[in-house]
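Reading through the structure tokens given below for one structure.
Along the sequence shown, the residues carry numbers beginning at 1. All ligand and atom numbering here is 1-based and tracks the order in the structure. All values below come from the heavy atoms of this structure, side chains included, with hydrogens, waters and symmetry mates left out.
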Amino acid sequence: MNAVDIITRKRDGLELTEEEIKFFVNGYTKGDIPDYQAAAWCMAVYFQGMTDAEATTLTLTMARSGDTLDLHQIAPFVVDKHSTGGVGDKTTLVVAPLVACHGLPVGKMSGRGLGFSGGTIDKLESIRGFNVSLTTEEFMEMLARHGIVVSGQSADLAPADGKFYALRDVTATVESLPLIAASIMSKKIAAGADAIVLDVKVGRGAFMHTVEDAEALARLMVSIGRGVGRKVAAVLSDMNQPLGQAVGNALEVKEAIETLHGRGPADFRDHCLTIAGKMVELAGKAASLDEARQMMARSLDSGQAWDKFVEWITAQGGDRTQLEQPDLLPAAPLVETVTAPRAGYVALVDAAEVGKTGVDLGAGRRKKGDPIDYGVGIIVHAKVGDRLSQGDPLFTIHASDRQKLSAARQRLLAAVEWSDTPVAAPPHTIKIIE
Ligand code: URA
């Protein structure tokens, strides 16, 4: 068996055997197969797809590339969530402490930015000192002591996903249903949670553009999770426009802090209540999603979730003063507000264009290992359905240099579509798959 034959068979649309998938994934993880062959293989999978059996083998092989945690010695029931990737998606920063403050342990592995979508790990790293590279022992200890832990892929936990993820990010191979399913579910299986809520995004700023594709992804992930004895539910939500207002690492941390203080944009708060509520409901702590959402709303407004957030971030090494004074988080030197060039109803704020503008400003990577500029990004002031007058604030750009700022201004203005007649605000939650 050799890598070239396996790439060729996938390129030609053949179904790979379990042995071939294991050979390729383990070989790449150990460093025996180089990046260029793994990139060619990912591209072949992108074009040819995988059967459900191949995707399941890929997921389990990636999950078992490192430790697979059994958390039951620490807690009888641990919950987790994962997003398929979107723009302005800082949900974990709010949802993890919101659920954990109810005594329900949250143990989670997250990822870095992927393509134009941001990643929780990059956002968390914008907080000085926050440690995302935990060993298995550290992960377990955090969970036992604080009932909350968020780590990146490491040499111990899903190392195969760590390598494929960084490669896909810069080889235009992110938007592949089996590669996304395997990436997400391998992390979830390795991290050991009993119940998982999948936050599946649909639309321009998501990797799945149609409800049908998003549903197929959700069903595959739910079936892989159930196959290994986990409780799984998927929430499909709209990602044609960014979630909340902030796009960019430190800006998103600030918005999460606002939300944890009972403020924050309405759509983002509502999304957090649904995802957290579903986690609590799956764990059997509420009889219905409505009841769970009400519990979650009370904990946001009472400051209970905020207290848990501070406990979590500081326990993982993060600087408390930056949480209490968010102005001390990384900030860009240039800040400019772009105003509406005309009056009218906002018909579209293209999330993919906003996300790509964020990457252009330095909030994401173009090549493996590129440094991130934590302070840059965009505040999106308008939502679809809003009526604006000419000159109203549309975006605020946070940039590191004038050239990037001016390019961002052009790109963002082109990302907005207008209507002279009223536009209905689109529903945010599309459907829930149990
Ligand atoms: N999140 C992941 O962890 N992996 C993907 O491929 C997409 C989103």
| Would the W312 and H146 ring centres measure less than 6.0 Å apart? | no

| said: Can you classify the ring geometry of H271 versus H428 as parallel (below 30°), tilted (30 to 60°) or perpendicular (above 60°)? | reply: perpendicular

| query | Could D169 and R112 be called an ion pair, given the rule that one side-chain N must be under 4.0 Å from one carboxylate O? | reply | no

| query | Is R219 paired with E215 through a side-chain N to carboxylate O contact shorter than 4.0 Å? | reply | yes

| request: Looking only at non-hydrogen atoms, find the nearest pair between E54 and K10 and report the distance. | output: OE2-NZ, 3.1 Å

| Applying a heavy-atom distance cut-off of 4.0 Å, which protein residues contact ligand 1? | H82, S83, T84, L114, Y165, R168, I180, S183, I184, K187

| field | Pair R269 + E258: basic N to acidic O under 4.0 Å | value | no

